[in-house]
Every structure is written in C-alpha cells, then in structure tokens.
Amino acid sequence: MVEKIAHKLTRKPKLVALIALLMLIPAALGYIGTRINYDILSYLPQDLPSSKGEQMLEDPFQMAATSMLIVDSMPAGYTNRLIQQIKEVPGVSSAIWVSNLVGIQIPVDMIPANFRDMFFSGQATMMIIQYDHPGASDETMEAIQGVRDACNENCFLAGFSVVVKDTRDVMDSELPIFVGLAVLLALAAMSVTLESTVLPFVYLASIGIAVVYNFGSNIFLGEISYITKAIAAVLQLGVTMDYSIFLYHRYEEERANYDDKRDAMTQAIVAAFRALSGSSLTTIAGFLALCFMRLTLGRDIGIVMAKGVVLGVATVILVLPSLVLIFDKQIDKHKHKTLIPSFDRVNGFIVRHKVFMVIFTLLLFLPAVYAQRHAEIYYKLDESLPRDLPSIISNEKLKDDFDMATSHFVVLRDDISAADMNELETRMDKVDGITSVLSYHKMLGTGIPDFFVPSEVKDMLRQGGYQLMMINSSYEPATDQVAKQLDQMSEILFDYDPNAMITGEGAMYRDLIDTSSVDFQVTNYISIAAIFLIIAFVFRSISVPLVLVATIELAIFINQGCCYFLGTEIPFIAPTIISCVQLGATVDYAILMTSRFQEELRSGKDRKEAIHIAASSSDASIVTSALVLFCATLGVSFVSSIDLIGAICVMLARGALISALVSIFLMPAVLYVCEPLIQKTSLHWREAAPAKGKRFLHMAKAS
C-alpha cells in the first residue's frame with residue numbers, strides 16, 4: 001500500500017507540490033482565525049478555589065478585569081472629567097473614584113480616612129476601572145487601549161490585565177523577528193553541515209509548509225497560548241529537520257540501485273515511512289506527556305507540538321520527495337564538502353578509554369542532579385517582562401505610592417450581620433501586610449447613607465446574594481509572604497463564611513506554584529515511562545531503554561543544572577517543558593547510534609569495531625540535527641525581550657548541544673561497556689528477528 005502511494009507521488013511531483021501549496025490557503029485562514037491567549041493564569045485548573053472565585057468576579061460582579069489608574073499632580077477637575085471620558089470607552093463597565101462617593105467639592109482632609117488612604121497619596125489619586133469582559137479578552141485589550149488614549153502623560157494604568165495587554169503588544173512586534181532569525185540561523189547551520197547549497201532551502205520549504213499546516217489546524221483548538229505561538233514554529237523546525245535529512249540520505253543511497261530517480265525516491269519514501277513512523281513516536285510521546293499537567297498550558301503546548309511532529313513526518317513523506325525531484329538538478333549542481341570534522345580519532349580515544357568514560361558519566365550525575373534540584377525558579381510572570389513597559393512602570397508606582405503590590409478579592413455571603421462584618425474587617429486590617437480593606441459595609445460605616453451610594457458602586461460590591469471585599473496588600477504576588485498572608489486571611493474569613501473564596505493575583509499565583517510543582521514530577525515520570533516503553537518495544541530489550549533514557553536524562557540534568565551554576569532564575573514552566581522536549585527530541589540521537597551499533601554486531605563485527613563504526617557514522621547526523629535546533633532556538637533568545645520566552649529558548653538551545661555532546665562523547669563508551677548486559681536482556685540482539693516481527697527500520701541508515 002505504501003509503495004503504491006509512493007509510486008504515484010513520485011510520478012507527478014509538480015502536481016503534488018501544487019496541491020501542497022494550495023492547502024496553505026485554508027491553513028493560513030485557520031492561523032488567522034486562531035485566538036492567542038496571553039493570560040497564563042487562565043490555564044489553572046477550574047476546580048481550584050482561586051479559579052472559582054475568578055469566575056464569580058466575572059459573573060455576577062463583572063470584576064474579572066479590574067485595573068487601577070493613578071493620576072499624578074493633576075487638579076480634581078481634570079480627574080473628574082477623565083473619569084467621565086473613561087466611562088464612555090467601549091468595554092468599560094464602570095469607573096470608581098472619590099467623586100462617585102462624596103463628590104469633588106469636599107476637601108481631601110474631610111474625606112473619611114479609609115477612603116482618603118485608598119484613593120489619595122501625596123499629589124497622586126487613584127481610580128478603579130472595571131471592564132465588561134474577562135481580563136485577557138480582545139474586548140478588554142481594546143478597552144485598555146481606549147483608556148490609555150484618554151489619559152495624558154501624568155496617568156499610569158496598572159493591573160494584571162494591563163500587563164497582559166503589553167505582553168501581547170511585545171509578542172506581536174517580536175514574533176516576525178523570531179521566525180526570521182530562526183530561519184536565517186538554521187540556514188547558516190545547514191549550509192555548513194549539508195552537502196548542497198540548495199538543499200537547505202528545499203528542507204526549509206518543506207518544514208515551512210508543515211509549520212503553516214500545524215498553526216492552521218490549531219483553529220480546532222479555538223486558541224493557543226502566546227508561549228506556544230512563540231516556540232512552536234522554532235521547535236518544529238529543529239525537531240523535524242532530521243526526518244528530512246533521513247529521507248534525502250536514503251534517496252541518495254537508492255539512486256545507485258535504480259536508473260530512474262523516481263524509482264529511487266519511491267524506495268526512499270517506503271523506507272522513510274517505516275523508519276519515521278517508529279522513531280517519531282519518542283518525540284511525540286515526550287510532547288504528549290505535557291498533556292498530563294493539571295495546568296492546561298501543558299496540554300496546549302503538548303497537543304500543538306505533537307501535532308506538529310505528525311504533520312512534519314507527513315510532509316516529509318508526501319511533500320518533500322516532490323520538492324527534491326523538482327530541484328534535483330540544482331541540488332546536484334551546487335554540491336560542496338561539508339565542514340563537519342571527522343570524529344574518527346575522537347571515537348578511537350573514547351573506545352580505548354571506555355571504562356574511564358563510563359565512570360566519568362556516572363560521576364557527572366552527582367553535581368548535575370544536585371544543581372538541577374537547586375536551580376532558582378520564579379513564578380511572577382511580569383518579572384519576565386522589560387522593566388520599561390508602561391504596565392510595569394505603573395505597577396511599580398502603584399506599589400510605591402499606594403503601598404499596593406497585590407489586590408485580593410474576597411467573595412462571601414451578603415447576609416452576614418453588620419456586627420460580624422465589622423469584626424471581620426477589623427481582623428483583616430490587622431493581618432501583616434494588609435494596607436486597606438474596601439467593602440460595602442465599611443463604606444456605610446463612614447457615615448454615607450445607603451440611599452446616597454451610587455448604583456454603580458453598589459453593583460461593584462453587591463450582586464446576586466454575594467458581597468465583594470477588595471483587600472490590598474504591600475506584599476508581592478508569588479512570594480512566601482503573600483502565601484502566609486493568604487493562609488491568615490482564609491483562617492479569619494472562614495470563621496464567618498466557610499464557603500467564601502479568595503481570588504486575585506496573589507491567590508492564583510499560589511495555586512500556580514502548588515500545581516506546577518506537582519506537574520513537573522508527573523510529566524517527567526510519564527515522559528520517561530512512555531519513551532522507555534517505546535524503546536523497549538523497538539529494541540525488544542529491557543536494558544537498552546534504561547541505558548538510553550538514563551544517558552539523555554543526564555543531559556537534561558546538566559542543562560537545568562547550568563542555571564544553578566550560572567546563578568540565573570528560570571520561569572516555572574521551563575523545567576517541565578525542557579524535560580519532556582529535550583528527552584523526546586534528543587533521545588533520537590541515542591537511538592540512531594544504538595541502531596547502527598546493533599546493525600554492525602549483527603553483521604558479525606566485534607564490539608570494538610561495531611561501536612567505532614556506529615559512532616563515526618552517526619556523529620555527522622547528530623551534529624547536523626543538534627546544530628539546527630541550537631541555532632533556531634538560540635536566535636529567538638537573542639531578540640526576545642520577554643525573559644519567559646528567552647529562557648525557554650536558551651535552555652532548548654543548550655539542551656540540544658549538551659544532548660549531542662553526551663551522545664557523541666559518552667554514549668559510545670556506555671554502549672560498549674553495557675553490551676554484554678544488553679545481549680542477555682534483549683531478544684534477538686545480535687541476530688535478526690523473524691521477518692514478521694520487524695516493525696521499524698531505525699535511523700542508523702541515515703548516515
């Protein structure tokens with residue numbers, strides 16, 4: 001069946017290429033129609049108290065999107081006019097300032113102390129703005145821009161939704177640079193490692209088609225995260241490049257056996273289908289392990305990347321052969337020697353000092369594991385943003401002028417007695433780090449009659465049998481201080497309403513920390529187990545997956561441990577992504593060498609000669625694949641002003657190099673020393689299995 005399809009594909013390469021190009025049109029439309037989510041906190045499990053509280057802020061209170069506007073050194077008349085303009089901005093549901101409560105004619109000194117402290121600080125005053133739609137929605141982003149347009153240079157708009165807006169603006173401006181630089185650097189890497197000047201462009205055309213298909217098919221997911229958008233194309237380029245290399249190398253081998261190059265390509269397609277359908281499973285398993293994270297951001301990245309690998313393999317099988325046949329003459333005409341050095345002497349040295357290399361490998365685990373476990377991690381997402389963004393400047397001013405680093409929102413029953421509310425508010429005020437408490441009951445306690453309170457203020461604080469308290473804190477989100485503060489607040493709150501909920505940045509970041517710490521362990525174990533089982537099935541061995549996975553895990557530990565030795569903090573999502581991606585993407589290096597080692601043993605060679613040939617024949621493919629992934633991801637880290645994206649790409653780039661170095665310099669010695677054990681714990685290790693038992697052709701023939 002596969003051979004018949006391959007035969008038809010190679011007879012009409014121009015038609016196949018034309019169909020592939022036409023399919024880019026619906027893919028491009030799908031890409032345009034896919035929404036990008038810039039709010040990482042929205043990926044928290046929906047059954048957490050903070051997430052449930054956030055849902056209640058949205059309905060019935062319509063406060064899921066709230067921002068604070070600081071007006072500095074401007075007269076009250078200007079601020080009063082400004083609030084009227086802001087109320088007219090589409091998407092703004094309400095704007096609260098002192099004029100809503102007591103009017104602007106009353107001198108500041110006569111305003112009740114709790115309101116004065118909340119709304120005034122020196123020459124600055126603050127208003128609270130609510131929006132009709134959730135914080136990361138397109139409508140709220142447009143409303144925030146409308147508010148900014150109404151303000152002058154003495155106005156500072158702060159809040160989490162404003163940070164999301166600036167993150168989106170930065171990403172939209174930098175993404176074309178990401179992709180462009182990744183393509184240029186990948187081209188440079190391929191130009192020195194491949195044997196033709198034209199071939200890199202053919203590879204990139206094929207992979208580019210697969211990337212567009214992948215992003216277009218995301219429309220079925222509805223939306224993807226901005227992290228996925230930033231790294232998916234670059235990762236797909238680096239991860240699926242070796243599939244293209246395998247197909248072309250096999251085509252070159254088959255050309256010597258056929259007079260018609262189309263027949264040679266037919267056989268190359270058949271071989272590639274069998275090989276890549278097996279070898280790509282490890283990469284797919286690594287990505288799909290991310291889907292088991294409770295933080296659904298992992299599922300977002302995992303599905304998109306696993307789908308990208310499948311589409312990458314499909315494009316290599318269906319589209320790349322046509323492109324190679326169309327440009328075959330140009331590829332042959334512009335051939336040159338590669339700049340990859342020979343590793344013959346290096347491999348000879350490794351084999352001669354095999355025992356030392358194995359001991360060195362084992363000893364490396366000690367510092368690598370220690371450093372990996374002690375690497376510093378940060379969770380507060382705005383720490384990854386440039387410090388000169390308007391939202392970051394505004395948040396700092398809110399903290400400095402009003403002592404508001406975090407705003408907690410408490411949703412509780414509306415039928416709590418006035419005496420209990422008074423006691424609750426007093427106890428909350430005494431919690432360390434709390435700077436102010438705003439509630440409907442406290443507002444009436446200042447002497448403002450109920451009938452005098454504007455309806456928009458009532459709607460903000462009382463809705464559907466619930467009341468809302470806004471409690472401001474001087475503690476930063478995602479810190480031990482705010483976690484302890486939240487525990488104290490919960491203990492007090494539940495004395496009056498056991499079903500009350502605390503939400504806001506502080507509570508959601510705490511849940512993010514708790515969730516991601518568990519996710520890291522779960523996804524790591526699942527990815528290891530899945531890849532272990534796949535390798536065990538492919539090689540019919542218990543020891544081979546143990547050796548291969550352990551060696552690549554060493555590379556992962558070294559990669560993550562570098563952050564500890566360099567003294568750099570990494571974003572919370574990075575270790576989870578890196579462990580799954582690096583394992584899934586670079587275990588192919590180890591599979592490549594092991595497959596060739598087994599092939600040489602089966603041909604009758606002794607251990608020493610077999611491992612030397614396997615290492616020497618695999619090194620060029622490993623270097624090419626790793627160098628492309630390194631260059632593509634490193635380029636993004638250079639230009640990204642968002643540290644979250646830059647840090648992930650730096651670790652991906654470094655991981656590709658470390659995995660390649662471990663595979664080239666340590667893997668041969670480990671395989672050589674462990675070969676007697678492998679032979680005893682594997683089926684048909686040194687002799688070929690029965691024909692019907694052969695499921696996969698391995699990538700060793702790529703070299």
Side-chain angles (χ1 to χ4, degrees), residues 170-171 174-193 200 203-204 207-208 210-211 214-215 224-245 283 286-287 290 297 301-302 304-306 308-309 312 375 384 552 555-556 558-563 566 568 570-571 573-589 622-663:
V170 171
M171 276 297 305
E174 291 184 349
L175 187 64
I177 303 174
F178 290 173
V179 178
L181 190 58
V183 169
L184 285 176
L185 292 177
L187 272 174
M190 287 186 283
S191 297
V192 300
T193 56
Y203 285 168
L204 279 177
I207 295 172
V211 168
N214 188 28
F215 273 75
I224 60 173
S225 74
Y226 77 93
I227 298 177
T228 307
K229 180 183 178 182
I231 67 175
V234 176
L235 261 183
Q236 192 174 346
L237 167 65
V239 168
T240 60
M241 176 58 67
D242 47 351
Y243 303 153
S244 303
I245 295 171
T283 307
F287 288 129
L290 293 170
L297 173 64
I301 298 172
V304 172
M305 286 311 309
V309 173
S384 69
I552 297 301
I556 295 171
I558 294 172
N559 184 20
Q560 296 182 1
C562 285
C563 301
L566 294 172
T568 57
I570 54 177
I573 193 66
T576 308
I577 294 176
I578 298 305
S579 62
C580 294
V581 171
Q582 190 176 344
L583 177 60
T586 63
V587 76
D588 278 347
Y589 304 162
I622 293 173
V623 168
T624 301
S625 178
L627 196 59
V628 170
L629 181 56
F630 170 79
C631 290
T633 50
L634 190 67
V636 174
S637 70
F638 281 150
V639 299
S640 176
S641 59
I642 300 177
D643 182 67
L644 177 63
I645 304 298
I648 291 174
C649 287
V650 164
M651 294 182 72
L652 287 171
R654 189 171 61 214
L657 281 190
I658 293 173
S659 291
L661 292 173
V662 167
S663 298

In Å, rounded to the nearest 0.5 Å, how long is the span from CG of L204 to CE of M241?
5.0 Å
What side chain to side chain donor-acceptor pair (under 3.5 Å) pairs are there with at least one residue in residues 635-647, not counting sequence neighbours?
E174-S641, Y378-D643
Kindly determine whether N214 and V304 satisfy side chain to side chain contact (heavy atoms under 4.5 Å, CB included), including the steps that lead there.
CA-CA 7 Å; N214 188 28; V304 172; 3.8 Å; yes
Would you check if N559 and L657 make a side-chain contact, meaning some heavy-atom pair closer than 4.5 Å?
no
Which heavy atom of A232 sits nearest to which heavy atom of M305, and what is that distance?
CA-SD, 3.5 Å
Applying side chain to side chain contact (heavy atoms under 4.5 Å, CB included) to L290 and not counting sequence neighbours gives M293, I301, T576, C580
Does T633 form a side chain to side chain contact (heavy atoms under 4.5 Å, CB included) with I231? I'd like the steps, not just the answer.
CA-CA 8 Å; T633 50; I231 67 175; over 6 Å; no
Approximate separation, where rounding is to 0.5 Å, of I642 CD1 and C649 SG:
11.0 Å
Name all residues meeting the ring pair (Phe, Tyr, Trp, His ring centres under 6.0 Å) criterion together with Y226; count only those two or more places apart in sequence or in a different chain, and write none if there are none.
Y38
Taking only residues two or more places apart in sequence or in another chain, which ones pass side chain to side chain contact (heavy atoms under 4.5 Å, CB included) with T193?
I340, T624, L627
Would you check if M651 and P571 make a side-chain contact, meaning some heavy-atom pair closer than 4.5 Å?
no
Interatomic spacing from CG in L644 to CD1 in I227 - rounded to 0.5 Å:
4.0 Å
Can you name the side chain to side chain contact (heavy atoms under 4.5 Å, CB included) partners of V211, sequence neighbours left out?
I207, F215, A233, Q236
Using the side-chain hydrogen bond (donor to acceptor under 3.5 Å, both in side chains) criterion, which residues pair with T228? Sequence neighbours excluded.
S225, D300
Under 3.5 Å, which donor-acceptor pairs link side chains of residues 180-191 to any protein atom two or more places apart or in another chain?
| residue | atom | partner | partner atom | Å |
| --- | --- | --- | --- | --- |
| S191 | OG | L187 | O | 2.7 |

Closest heavy-atom contact between V662 and A555?
CG2-CB, 4.0 Å
Side chain to side chain contact (heavy atoms under 4.5 Å, CB included) between Y203 and V628, intermediate numbers included
CA-CA 12 Å; Y203 285 168; V628 170; over 6 Å; no
Which residues pass the side chain to side chain contact (heavy atoms under 4.5 Å, CB included) test with S663, sequence neighbours left out?
I552, Y589, I622
Separation between OG (S384) and CD1 (I573), nearest 0.5 Å, reads 12.5 Å
Could you tell me whether the side chain of Q560 and the main chain of P575 form a donor-acceptor pair under 3.5 Å?
yes
With sequence neighbours excluded, what pairs up with S659 under the side-chain hydrogen bond (donor to acceptor under 3.5 Å, both in side chains) test?
Q582, T586
Look up atom CG in L235 and atom OG1 in T283, then write down how far apart they are to the nearest 0.5 Å.
11.0 Å
For residues 225-235, the salt bridge (charged side-chain N to carboxylate O under 4.0 Å, His left out) pairs (sequence neighbours left out) are D172-K229
